[in-house]
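Protein chains get the first letters and strands the later ones, always in sequence-line order, with residue 1 at the start of each. Treat the numbers as computed from the prediction; the structure is a model and nothing was measured.
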Protein chains: 2
Amino acid sequence: MAYESALAALADPTRRQIFETVAAAPSSVGLLAGQLPVSRPAVSQHLKALSDAGLVTVTKQGTRNIYAACPDGLADLRRYLDGLWGDVLTNFAKDIAKELPND
Amino acid sequence: MAYESALAALADPTRRQIFETVAAAPSSVGLLAGQLPVSRPAVSQHLKALSDAGLVTVTKQGTRNIYAACPDGLADLRRYLDGLWGDVLTNFAKDIAKELPND
DNA sequence: CAGATTCGTAAGCCACCCCTTACGGTAAGT
DNA sequence: ACTTACCGTAAGGGGTGGCTTACGAATCTG
């Protein structure tokens with residue numbers, strides 16, 4: 001239902017890197033910005049996009065916000081791709097059959 | 001290895017619609033443009049992006065080019081997402097365990 | 001309470017992406 | 001050979017996305 005936002009979110013290289021890092025282990029905004037070639041506000045904006053897509057969740061720990069990967073967004077995306085995968089395979093098989101009328 | 005281009009290709013709504021149509025049944029450029037709110041050259045450019053991502057293939061039939069969905073690009077993308085899925089789930093389970101130290 | 005740390009948001013800038021129109025090239029039909 | 005159909009590419013413009021700097025809010029520490 002919301003696989004579009006997840007797709008758009010993971011299309012950006014920086015956002016993808018952030019998500020991969022958070023998927024390996026939850027982290028704070030400042031820590032993420034420290035190991036990235038962009039500023040902290042940029043990371044904050046990326047995290048908002050990932051959050052809107054259901055890819056990450058936030059938990060406040062004092063003054064710092066810990067972001068962790070969330071299965072929901074990825075689940076939607078995988079469901080969508082699996083649907084496509086079925087269509088592509090059936091059509092692909094049909095085309096192969098047409099290409100070999102001799103036998 | 002080339003899941004990045006597939007991800008970027010499917011992030012665009014128009015390109016996604018083109019791919020879904022072609023995944024249902026192979027089609028020519030003009031036919032695709034006919035059932036889309038964009039011009040034919042735009043469709044041609046989108047098809048090039050999809051082709052570079054390994055998502056579609058072309059076969060010439062006289063003067064018209066028939067585009068069909070190709071499993072390769074989708075396979076790469078699914079492989080990448082499955083890898084992420086594993087990381088997310090293990091970490092998600094670990095967080096749940098930490099959230100319930102009482103029992 | 002004052003200072004320091006961590007973070008989100010606003011404003012602005014710049015590059016890139018998508019679209020269009022225009023053109024050239026190839027194949028089929030008469 | 002000429003016309004028609006179908007397509008890819010070049011060139012240009014408009015809108016959007018991602019980045020930065022600047023500012024304000026919230027929490028912890030001394």
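Within residues 22-31 of chain B, the residues having any heavy atom under 4.0 Å from DNA chain D are, by residue number, Ser28(B), Val29(B), Gly30(B).
When the C1' atom of dG8(D) is taken as reference, atom CD1 of Ile66(B) falls 15 Å away, rounded to whole Å. Atom CG of Leu36(A) is separated from atom C1' of dC19(D) by 13 Å (rounded to the nearest Å). Computed from coordinates, the Leu47(A) CG to dG17(D) P distance equals 18 Å when rounded to whole Å. Distance Gln17(A) CD to dG18(D) C1': 15 Å, rounded to the nearest Å.
Within the structure, salt bridge (Lys or Arg N to Asp or Glu O under 4.0 Å) contacts touching residues 11-20 of chain B (residues at least two apart or in different chains) do not occur. For residues 41-55 of chain B, the side chain to side chain donor-acceptor pair (under 3.5 Å) pairs, not counting sequence neighbours, are Lys48(B)-Asp52(B). Judged as a ring pair (Phe, Tyr, Trp, His ring centres under 6.0 Å), the pairs with a partner in residues 47-80 of chain B (not counting sequence neighbours) are, in order, Tyr3(B)-Tyr80(B). Residue pairs that meet the ring pair (Phe, Tyr, Trp, His ring centres under 6.0 Å) test with at least one member in residues 20-40 of chain B, sequence neighbours left out, do not exist here.
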> For every nucleotide of nucleotides 21-30 of chain D, 5' to 3': is a protein heavy atom under 4.0 Å from its base (B), only from its sugar-phosphate (S), or from neither (-)?
Replying inline: BB----SS--
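Considering only residues two or more places apart in sequence or on other chains, Asp82(A) meets the side chain to side chain donor-acceptor pair (under 3.5 Å) condition with Arg78(B). Residues passing the side-chain contact (heavy atoms from CB on, under 4.5 Å) test with Ala33(A) are Arg40(A), Val43(A), sequence neighbours excluded. Under the side-chain contact (heavy atoms from CB on, under 4.5 Å) criterion, Ala75(A) pairs with Arg79(A), Trp85(B), sequence neighbours left out. Residues meeting the side-chain contact (heavy atoms from CB on, under 4.5 Å) test with Ala42(B), sequence neighbours left out: Val38(B), Ser39(B). Listed by chain and number, the residues in a side-chain contact (heavy atoms from CB on, under 4.5 Å) with Ala6(B) are Ala53(B), Leu55(B), Leu77(B) (sequence neighbours excluded).
A 4.5 Å side-chain heavy-atom check between Leu47(B) and Leu32(B) finds at least one atom pair inside the cut-off.
From Thr21(A), atom OG1 reaches atom CG of Leu31(A) across 10.5 Å, with rounding to the nearest 0.5 Å.
When DNA chain C is scanned 5' to 3' for any atom under 4.0 Å from a heavy atom of chain B, the first and last hits are dC18(C) to dA28(C).
A sub-4.0 Å separation between OP1 or OP2 of dC6(D) and a side-chain N or O of Tyr67(B) is absent. Put simply, Asn65(B) has a side-chain N or O that comes within less than 4.0 Å of OP1 or OP2 on dG8(D). Between Arg15(A) and dG18(D) there is a side-chain polar atom (N or O) within less than 4.0 angstrom of OP1 or OP2.
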